[in-house]
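Beneath this line is the structure, given in structure tokens, with notes to follow.
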Amino acid sequence: NVPLRPLGDRIVAEREESEARTAAGLFVPEDAKEKSQVAAVLATGKDVKDVKVGDRIVVREYSTTEIKVNNKKYFIVKEEDVLATLA
């Protein structure tokens, strides 16, 4: 159950975790990890046409608004900033 209800053409999603280790097996600290551009859609606004709940999406790197609710991180993005859905 998502505590956010997006309006209009907005989408609420949750980023997929990036790898915690490098290919060589070294541990990557949390603050050094890149933000994943792939996310799972949790909720959509009523004007969203091409994305649905459960889709995995690719978003522009700096187009999201991040929010933390009940110690869980979500982000909100406009549908126009979704670059693709993953099969």
Side-chain angles (χ1 to χ4, degrees):
N1 205 358
V2 183
L4 300 166
R5 186 174 50 93
L7 302 176
D9 67 343
R10 303 295 199 279
I11 297 166
V12 174
E14 185 175 40
R15 287 191 198 279
E16 292 185 356
E17 291 296 319
S18 31
E19 292 295 320
R21 295 188 182 272
T22 65
L26 299 174
F27 176 74
V28 179
E30 192 66 35
D31 58 343
K33 286 184 188 177
E34 287 184 19
K35 286 185 180 178
S36 174
Q37 292 177 286
V38 177
V41 175
L42 303 175
T44 61
K46 64 181 173 93
D47 295 333
V48 174
K49 295 174 179 62
D50 297 322
V51 178
K52 62 185 181 304
V53 173
D55 282 352
R56 291 176 64 221
I57 57 172
V58 179
V59 296
R60 290 186 185 168
E61 188 172 0
Y62 298 106
S63 64
T64 62
T65 301
E66 297 200 8
I67 186 166
K68 192 173 187 178
V69 179
N70 299 328
N71 291 324
K72 194 164 185 178
K73 291 181 184 178
Y74 302 96
F75 71 82
I76 300 170
V77 64
K78 284 185 171 187
E79 183 177 27
E80 70 185 35
D81 292 326
V82 174
L83 302 174
T85 57
L86 298 173

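Computation of the quantities below employed the complete heavy-atom set of this structure, encompassing side-chain atoms and omitting hydrogens, waters and symmetry-equivalent molecules. Just so you know, residue 1 is the first one in the sequence shown, and it goes up from there.
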Regarding R10 and T44, is there a side-chain donor-to-acceptor distance under 3.5 Å anywhere? no

In this structure, which one of V41, V38, T85 forms a side chain to side chain contact (heavy atoms under 4.5 Å, CB included) with R56?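 The passing option is V38.
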
Test applied, side chain to side chain contact (heavy atoms under 4.5 Å, CB included); reference residue, K52; option that passes from D55, V48, D50: D55

Could you walk me through whether V59 and F75 pass side-chain contact (heavy atoms from CB on, under 4.5 Å), step by step? CA-CA 11 Å; V59 296; F75 71 82; 4.2 Å; yes

Nearest heavy-atom neighbours spanning [X] and [Y]:
| X | Y | value |
| --- | --- | --- |
| I11 | P6 | N-CB, 4.3 Å |
| E80 | R60 | O-NH2, 4.4 Å |
| E14 | K73 | CG-O, 3.9 Å |
| R15 | Q37 | NH1-CA, 4.4 Å |

Quick one: does [X]'s side chain get under 4.5 Å of [Y]'s, heavy atoms only?
| X | Y | result |
| --- | --- | --- |
| L86 | V58 | yes |
| V69 | Y74 | yes |
| I57 | V51 | yes |

Applying side chain to side chain contact (heavy atoms under 4.5 Å, CB included), name anything that partners D47, two or more places apart in sequence or on another chain. D9

Do the side chain of E16 and the main chain of A40 share a donor and acceptor less than 3.5 angstrom apart? no

So if you build clusters from Ile, Leu, Val, Met, Phe, Trp, Tyr with side-chain heavy-atom gaps below 4.5 Å, do I67 and L42 land together?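 Shared cluster, yes.
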
Atom OG in S63, atom CG in L83: separation rounded to 0.5 Å? 7.0 Å

